[in-house]
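For reference, the structure is listed below as structure tokens.
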Amino acid sequence: MITVDVLEEKATNIMKKDPIEQTRNIGIVAHIDAGKTTLTERILFNTGRIYKIGQVDDGTATMDWMLQEQERGITITSACTTCFWKNRKINVIDTPGHVDFTAEVERSLKVLDGACVVFCAVGGVQPQSETVWRQADRYEIPRIALINKMDRIGADFPGAVKEIHEKLGANPLPLQLPIGSESNFKGFVDLIEMKAVIYEDGEGGKSKESKTIPDSVKGLASEYRHNLIVKLGEVDELIMDKYVHDAGIYPHELKAAVRKATVKNKIVPVFCGAAVKNKGVDYFLDAICEYLPSPIDVPSTEGLNPDTNEAEKRGPADKKFSAFIFKIMSDPYVGKLVFLRVYAGTLKSGSYVYNSSTKKTERVGKIVRMHANKQEIIKEISCGDIAAAVGLKDVSTGNTICDEEAPIIFESIHFPEPVISMSIEPKTKQDRDKLGMSLKKLEAEDPTFRVSYNHETGQTLISGMGELHLEVLIDRMLKEFNVGANVGKPHVAFKETITRKVKSVGKFIQQTGGRGQYGHCVITMTPGEKGSGLIFVNKIIGGAIPREYIPAVEEGIIDASRNGILANYPVTDLEITLTDGSFHEVDSSDIAFHMAASIAFGEGLKKAQSILLEPIMLLEIVTPEEYLGDVIGDLNSRRAKIESIKHRGNTKVIDGYVPLSEVFGYATALRSLTQGRATYTMEPSFYEGVPKNIADKIIKGEF
């Protein structure tokens, strides 16, 4: 680990002015291949954080530090860094764009104050763009947008802005108008200052400003400027008043109105550029500083006081320390790196913190500021900052650490359930212990990666969000942890549910000479809503079952639901209501009621006409028109349901739904059908009943 004096001096100078107001915590989010990492690389170059521009395709990008990222040319894990621009400290998190790693985006957005959403000028709003936008909506994060790749063939700035409005339901507000497009993309018109910015050719990104707007865009620029003022007038009274009375509106007034509306999530400022050629990145950095909020501009973070069970808030005004752990990473040199966002107070290295989630106290050994996978030791971090701590052992993603005198638990992060599983076993006896340790480390790092043991087959199963997700994790096991392992073929995480309401009785009675066991419960099982999971409702009245045994009944039902009766898959989407039962004053116990509930659940499943459910994927395929027929024919053979076929540039876009079990290895099949010219993206959408002929094969173990 190294200490970087120059950066610390910059940070100290900025923090002297106002440590919180000068900070921006931002994430770069987008669909895969929209140019997130390329943009981040240019941001680091422009801010002087790096002195040589790396390339994603060459595997030299600073933020894609993992071997697997460099080999595949994609971002797999969210990477943090800190840079400085015009007296602002910017904490940047570069996130993955592939749906298999959507949890990395989720946990990053949880702790960020603003987001930079990158859209491809050719592709517009793509499926993963919608996913990350919904995630940002959930956390109510202010956003600015960059229409990237304006130098690509088929670039369409107005079309991309239109899609942001139509597909995302957002209120996009262009603050720039591109001058030229495709190979003729030269720069843009700054619609607030009404000036032209022209870039030199090459990757240096050198620009020159001119008050003279080219004749080719002068009329359009005036129209965009008018629309800008009208839209701002709709969300800002001062601008509306000046517009109505035909008074002069100054650029600084427009900027203030844009910032105010952006922070309140009323508009999304839109910019244009070509990150690979460093065009527009410097002005986008200005926009990050001018329009995205600082930690004091966002509402205080809500949490729960574990002592009083009452809601409380933490913010810059609070002096007692509190922080949220959003990521854990294994480091070969320092062990566990714990990434945290500080919401109140200050954390110093060597101090003790209270984990309100586990009710344990631990000592922070060191605090480091991250630059991708490199660490810079710092003495402390304050409210509004993001850094990593070394020395915390008994912590996990979603925990809250705080001052023991002012305990609080922040809301944890919701992660999607895994949809695909593989069996794994060590190659040799020597690999057995190493495999267990590596799986434990990976499970601690990645909340969407699960390890389980199937007692019936004796197999260890690993589960994740997709083939690529598991492929990357297995590759890491082999290369990072040097574990030899044999991996089985992937299989789908099917589930089971019921189709009719039933009443079921469970009795567990044992007499062994001394004290026996007695448990008796009556339950009603009702089909639930899609995605509702397992809901337990207690409707015992009159003390038919004493209150202290109710948790044991619930645990018995949850345990029994882990294995259905059709093919041992988990049971979901149903409501269990405990309606009646009886107990014995001497023989009743938690174990007896646990067993009685399990028996009642199993008996109920036999009568409730169970069916299997399978994960259905949302699929988008972009293919040249000449292969459209072949691609559709192949999809029909895979039980796909095609929703729409649209035209985009000189390609066709197919949107639809397809069962996950039918698209294993689809990348290879699609390449063969289209000579490698088509691309596709896929993400989990919902669970649906399996057709009977296929369900029969699954139950027999033939599928």
Side-chain angles (χ1 to χ4, degrees), residues 417-419 421 450 452-457 461 463 491-510 517-540 544-545 549-582 590-616 659 661 686-703:
E417 290 293 314
V419 295
S421 303
R450 306 278 171 82
S452 58
Y453 184 74
N454 188 319
H455 292 278
E456 293 201 356
T457 62
L461 298 177
S463 306
H491 63 264
V492 179
F494 292 105
K495 292 185 179 180
E496 186 177 322
T497 193
I498 62 173
T499 59
R500 60 188 288 246
K501 182 177 179 179
V502 295
K503 185 177 179 181
S504 179
V505 179
K507 281 188 178 180
F508 182 72
I509 303 171
Q510 274 188 351
Q517 296 284 359
Y518 183 92
H520 167 224
C521 62
V522 181
I523 62 172
T524 302
M525 302 169 66
T526 311
E529 296 288 326
K530 269 187 184 181
S532 60
L534 190 72
I535 299 170
F536 176 77
V537 180
N538 173 27
K539 285 195 176 175
I540 290 292
I545 298 176
Y549 296 133
I550 302 299
V553 173
E554 185 175 0
E555 285 174 19
I557 287 167
I558 290 170
D559 281 351
S561 72
R562 293 193 175 107
N563 298 99
I565 60 168
L566 295 179
N568 283 317
Y569 289 109
V571 185
T572 188
D573 296 349
L574 73 161
E575 185 176 298
I576 311 292
T577 305
L578 178 62
T579 57
D580 200 3
S582 61
D590 284 345
I591 294 172
F593 275 101
H594 186 287
M595 294 301 296
S598 297
I599 292 165
F601 188 85
E603 291 299 316
L605 278 183
K606 293 174 185 175
K607 299 185 288 183
Q609 295 177 356
S610 292
I611 60 166
L612 286 177
L613 300 172
E614 63 181 339
I616 305 296
S661 59
F686 56 89
Y687 270 81
E688 192 172 71
V690 179
K692 190 175 185 310
N693 61 323
I694 297 193
D696 291 341
K697 289 181 181 179
I698 295 169
I699 293 166
K700 291 176 185 175
E702 298 171 359
F703 190 77

How far does [atom1] of [X] sit from [atom2] of [Y], to the nearest 0.5 angstrom?
X: R450; Y: L461; atom1: CZ; atom2: CG; value: 13.5 Å
X: I540; Y: L578; atom1: CD1; atom2: CG; value: 4.0 Å
X: S610; Y: M525; atom1: OG; atom2: CE; value: 7.0 Å
X: F601; Y: I558; atom1: CZ; atom2: CD1; value: 10.0 Å
X: I694; Y: S661; atom1: CD1; atom2: OG; value: 6.5 Å

Check whether any side-chain heavy atom of [X] sits under 4.5 Å from a side-chain heavy atom of [Y], and report yes or no.
X: D590; Y: Y549; value: yes
X: L534; Y: I557; value: yes
X: F536; Y: I523; value: no
X: L566; Y: F494; value: no

Checklist entry - Which residue pairs pass the salt bridge (Lys or Arg N to Asp or Glu O under 4.0 Å) test with at least one member in residues 500-509, sequence neighbours excluded? => result none
Next on the checklist: As a quick check of understanding, evaluate side-chain contact (heavy atoms from CB on, under 4.5 Å) for Y687 and T497, giving each step before the final call.
Outcome noted: CA-CA 11 Å; Y687 270 81; T497 193; over 6 Å; no
Item to check | Side chains of S504 and E603, donor plus acceptor under 3.5 Å | outcome: no
Item to check | Pairs flagged by side-chain hydrogen bond (donor to acceptor under 3.5 Å, both in side chains) wherever residues 569-582 is involved - sequence neighbours left out | outcome: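 Every pair satisfying side-chain hydrogen bond (donor to acceptor under 3.5 Å, both in side chains) with a residue in residues 569-582: Y518-S582, H520-S582.
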Checklist entry - Hey, does the side chain of S598 reach the backbone of G556 with a donor-acceptor pair shorter than 3.5 angstrom? => result yes
Checklist entry - Distance-only, no hydrogens or angles: does the E496 side chain make a donor-acceptor pair with backbone N or O of I565 under 3.5 Å? => result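 Judged by distance alone, yes, a pair lies under 3.5 Å.
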Item to check | For D559, all residues meeting side chain to side chain donor-acceptor pair (under 3.5 Å), sequence neighbours excluded | outcome: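 Scan of D559 (side chain to side chain donor-acceptor pair (under 3.5 Å), adjacent residues dropped) gives R562, H594.
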Next on the checklist: How about CD1 on I509, more than 12 heavy atoms from neighbouring residues, nucleotides or ligands closer than 6.0 Å, or not?
Outcome noted: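 Yes, enclosed.
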Item to check | Full working for side-chain contact (heavy atoms from CB on, under 4.5 Å) between I498 and L605 | outcome: CA-CA 7 Å; I498 62 173; L605 278 183; 3.6 Å; yes
Next on the checklist: Restricting to non-hydrogen atoms, name the atom on A493 and the atom on P615 that form the minimum distance, rounded to 0.1 Å.
Outcome noted: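 Heavy-atom minimum between the residues: O-CD, 4.0 Å.
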Checklist entry - Looking only at heavy atoms, which two atoms of A592 and Q517 are closest? And how far apart? => result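 Taking every non-hydrogen atom into account, CB-OE1, 3.5 Å.
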Next on the checklist: Please determine whether side-chain contact (heavy atoms from CB on, under 4.5 Å) holds for the pair L612 and I699, giving the CA-CA distance in whole Å, both sets of side-chain angles, and the decisive distance to 0.1 Å.
Outcome noted: CA-CA 9 Å; L612 286 177; I699 293 166; 4.2 Å; yes
